[in-house]
Amino acid sequence: MTAYIPECDIYGDTVPEDLWPLRELRIPYSFIYFNRINSTNDTAKAGDYPDRTAIIADTQDVGRGRFMRDWYSPPGVNIHMSIVLRPVEAEAQATLSLINTAAALAMSRALATATSLDVWPKWPNDVYIGTKKAGGILSESLISGARVLRLVIGIGLNVNTLKFPVPLQDKATSLLIESGIRYKRGDIIALILREFDECRLFSPDRLISAWSAMSKTINSYVPAGGGRGGVARALNEDGSLVIELDSGQSISLNSAGEVTSAPCH
Ligand code: BTN
């Protein structure tokens, strides 16, 4: 018998029309919508939200990317969403190390379904269309001792931005710029959440092979820090990237850009 799942709850400010598809989303998420907020990640971390709550903001005043970079968050066009998960103890460790991989794969698969664009996940936590970045993920965890109390997976996706500020123009893109089509943010969020619920339950092996099959990072030349470079060969179970340096040595690079294991010969 299929479980009855009621229509999704959306709390908060008045929801714009292109997010209405979320009301019909029959997967167990609760949404909290804000017209304007500092950062959905900060709000998600500050509240005691239940598992599978998604905080969505139309615009963010202080949207953050990795390394505390600003995340461009104009009103009315893009997706700014933070998913709250309360992992059970057993899955917490496995989930944590590959959660960015699962989210990037989920976003890429969702966009591959919705569009006919050349979408791919770029290590460690970006989503690219062709040669430009369309989305990124900022995952944060709330920990008490050895326990992961909450995971917050922050997703930024450029959906309907038509023109980026000059400093971003060469490197950022959106679904609208690439396809000429104005997508409903609610439809894209629905696809992402469905994919995310699937991908995050994949075994590490399955997740890594699905990500690797879609990512152009594998077998491409990447910087490896300290002026070195090499060919990315594989993704490890801890989310680090195996790089074969020009010297022939292999190293593992973690997502912060640090070498995580000694060079092997
Ligand atoms: C990156 O590419 O560096 C990660 C970008 C993550 C941006 C999203 S937008 C929603 C959530 N709230 C934030 O402040 N950041 C993330």
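Predicted model only: the values in this text are computed from it and were never measured. Indexing begins at 1, ligand by ligand and atom by atom, following the structure's order.
- In summary, the atoms of ligand 1 found under 4.0 Å from a heavy atom of G65, numbered by their order in the structure, are 1 (C), 3 (O), 4 (C), 5 (C).
- With a 4.0 Å heavy-atom cut-off, ligand 1 is reached by the backbone of I155 but not by any atom from C-beta on.
- The salt bridge (Lys or Arg N to Asp or Glu O under 4.0 Å) analysis of residues 242-255, with sequence neighbours excluded, yields the pairs R233-E244.
- Of all atoms in ligand 1, numbered sequentially from 1 with element shown, those under 4.0 Å from a heavy atom of G63 are 14 (O).
- For atom 8 (C) of ligand 1, the closest non-hydrogen atom on the protein side is G156 N, 3.6 Å.
- Comment: D118 does not engage K132 in a salt bridge, judged by the lack of any side-chain N to carboxylate O separation of less than 4.0 angstrom.
- Scanning all protein heavy atoms for the shortest distance to atom 11 (C) of ligand 1 gives T40 OG1, 3.2 Å.
- S39 and N41 share no donor-acceptor pair across their side chains, judged by distance under 3.5 Å alone.
- Here the CG atom belonging to D58 is positioned 11.0 Å from the CZ atom belonging to R36, to the nearest 0.5 angstrom.
- Scanning all protein heavy atoms for the shortest distance to atom 5 (C) of ligand 1 gives W71 CE3, 3.4 Å.
- At least one N or O atom of Q60, backbone or side chain, sits closer than 3.5 Å to an N or O atom of ligand 1.
- For the 3.5 Å distance criterion, the side chains of D197 and Y29 qualify, holding a donor opposite an acceptor.
- Close contacts between ligand 1 and D126 involve ligand atoms 2 (O) [criterion: under 4.0 Å to a heavy atom].
- Atoms of ligand 1 lying under 4.0 Å from any heavy atom of I137, numbered from 1 in the order shown and given with element: 4 (C).
- Using a 4.0 Å cut-off to heavy atoms of S39, the atoms of ligand 1 that qualify are 12 (N), 13 (C), 14 (O).
- With sequence neighbours left out, D126 forms a side-chain hydrogen bond (donor to acceptor under 3.5 Å, both in side chains) with K133.
- For the residue pair N78 and T161, a side-chain donor N or O sits within less than 3.5 Å of a side-chain acceptor on the partner.
- For atom 2 (O) of ligand 1, the nearest non-hydrogen atom from the set E140, K133, R66, R64 comes from K133.
- Donor-acceptor pairing under 3.5 Å is recorded for the side chains of S139 and N100.
- Every N/O-N/O distance between H80 and ligand 1 stays at or above 3.5 Å.
- Shown in contact with M81 at under 4.0 Å from a heavy atom are these atoms of ligand 1, numbered in order with element: 10 (C).
- The side chain to side chain donor-acceptor pair (under 3.5 Å) test with E178 is passed by exactly one of T115, N158, T173: T173.
- If you look at N125 next to ligand 1, there are no close heavy atoms at all, none under 4.0 Å.
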